Q: 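Let me give you the structure first, and then I'll get to my questions.
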Amino acid sequence: MSLAIRRVQAGEAGLVLSFIRELAEYEKLSHEVEATEADIADALFGEKPQLYCAIAEWNGEPVGFAVWFANFSTFSGRHGIYLEDLYVRPSHRGRGLGKALLVYLARECIENGWSRLQWAVLDWNSPSIAFYKSLGAVMMDDWTLCRVTGPALTRLAGNTP
């Protein structure tokens, strides 16, 4: 049995979107997926791509992915990686693919001189939380994730400073 991690290739936006949809279903958030294959292709391969993706393959079959972008810590004065999505199909869990994807991203950070790898996890997802802790991740319970979307975003944008 063989495991390989590779960068996504042009023409694989449909594969990435299928992983996004599978992840959304697992997280009970399918209703929030608005992205199209064209959106994903543009984000990954457009004129100025700022989104990156690695594909995990088991015996040549794509079975998982990680999607990330560079962020910046003003405190460290350096970039880092924000992991937007990490997903391995249930049939292939327990084989080290999730860990291999995180190792891949940690190496990206180290090779680029970046200071951190971070992500969010749903508070009910205890298997993932335990997995992340086993790799040395620290749960940042003193921070609360904030988001403005939809009509609230439109209203905020219309406010005058």
Side-chain angles (χ1 to χ4, degrees), residues 2-73 78-112 114-125 127-129 131-132 135 137 140 145-157:
S2 69
L3 161 66
I5 306 294
R6 64 170 177 81
R7 284 285 179 109
V8 69
Q9 299 168 11
E12 291 185 315
L15 172 64
V16 173
L17 184 58
S18 71
F19 283 135
I20 292 168
R21 288 181 175 143
E22 289 176 40
L23 173 61
E25 184 176 326
Y26 171 76
E27 293 181 337
K28 301 170 184 68
L29 296 170
S30 294
H31 61 282
E32 291 191 18
V33 177
E34 299 175 10
T36 66
E37 188 172 333
D39 293 332
I40 301 302
D42 187 53
L44 290 167
F45 305 108
E47 188 175 317
K48 292 183 179 183
Q50 295 184 27
L51 186 69
Y52 306 93
C53 179
I55 302 293
E57 293 182 335
W58 188 259
N59 292 329
E61 175 191 354
V63 295
F65 81 138
V67 174
W68 73 94
F69 53 88
N71 62 7
F72 189 84
S73 168
R78 294 185 292 167
H79 282 93
I81 286 178
Y82 186 85
L83 174 60
E84 180 66 22
D85 292 328
L86 176 70
Y87 177 75
V88 174
R89 288 186 170 143
S91 60
H92 288 78
R93 292 184 186 153
R95 298 180 181 176
L97 287 101
K99 181 177 180 180
L101 285 162
L102 288 169
V103 167
Y104 179 91
L105 295 179
R107 289 181 178 155
E108 284 278 320
C109 286
I110 299 302
E111 290 169 7
N112 286 292
W114 295 347
S115 63
R116 62 174 65 159
L117 168 59
Q118 64 186 52
W119 62 93
V121 60
L122 291 166
D123 61 2
W124 59 259
N125 193 345
S128 292
I129 291 169
F131 168 64
Y132 297 145
L135 298 176
M140 307 286 291
L145 185 64
C146 299
R147 179 182 296 166
V148 180
T149 62
L153 181 63
T154 302
R155 281 191 307 276
L156 181 58

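Since this is a predicted model, take the numbers as computed values, not measurements.
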Q: Please work out whether the ring planes of Tyr87 and Phe65 are parallel, tilted or perpendicular, with thresholds of 30° and 60°.
A: perpendicular
Q: Hey, are Arg7 and Tyr104 close enough side-chain-wise for a donor-acceptor pair under 3.5 Å?
A: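 Result is yes, a qualifying pair exists.
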Q: Mind checking the NE2-CG spacing from His92 to Asn59? Nearest 0.5 Å is all I need.
A: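 Interatomic distance, His92 NE2 to Asn59 CG, rounded to 0.5 Å: 7.5 Å.
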Q: Under the rule for side chain to side chain donor-acceptor pair (under 3.5 Å), what residues qualify as partners of Thr36, not counting sequence neighbours?
A: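 Side chain to side chain donor-acceptor pair (under 3.5 Å) list for Thr36, sorted by chain: Asp39.
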Q: Quick one, Phe131 and Leu102 - any side-chain contact, counting heavy atoms below 4.5 Å?
A: yes
Q: Taking side chain as C-beta onward, heavy atoms only, is Val67 less than 4.5 Å from Cys53?
A: yes
Q: Given side chains that start at C-beta, do those of Glu108 and Ile81 come closer than 4.5 Å, heavy atoms only?
A: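 Side-chain contact under 4.5 Å: yes.
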Q: Start with the C-alpha gap between Arg95 and Val88, add the side-chain angles, then the distance that decides, and say whether side chain to side chain contact (heavy atoms under 4.5 Å, CB included) holds.
A: CA-CA 10 Å; Arg95 298 180 181 176; Val88 174; over 6 Å; no
Q: As an exercise, state the distance from CZ of Arg93 to OG of Ser128, rounded to the nearest 0.5 Å.
A: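 Separation between the atoms: 7.0 Å.
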Q: Got Leu86 and Trp119 here, is their nearest side-chain heavy-atom distance under 4.5 Å?
A: no
Q: Among Phe69, Trp68, Trp114, whose ring-ring contact (aromatic ring centres under 6.0 Å, His included) with Tyr82 holds?
A: Phe69
Q: Of the non-hydrogen atoms in Glu37 and Ala13, which two are nearest, and what is the gap between them?
A: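 Looks like O-CB, 3.6 Å.
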Q: Just how far is it from atom CD1 of Ile5 to atom CG of Leu105, taken to the nearest 0.5 Å?
A: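 The CG atom of Leu105 is 9.0 Å from CD1 of Ile5, to the nearest 0.5 Å.
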Q: Side chain to side chain contact (heavy atoms under 4.5 Å, CB included), that's the test. Do Leu15 and Phe19 meet it? Break it down for me.
A: CA-CA 6 Å; Leu15 172 64; Phe19 283 135; 3.6 Å; yes
Q: Looking at every heavy atom in both Ser30 and Glu25, which two are closest together, and how far apart are they?
A: OG-CA, 3.2 Å
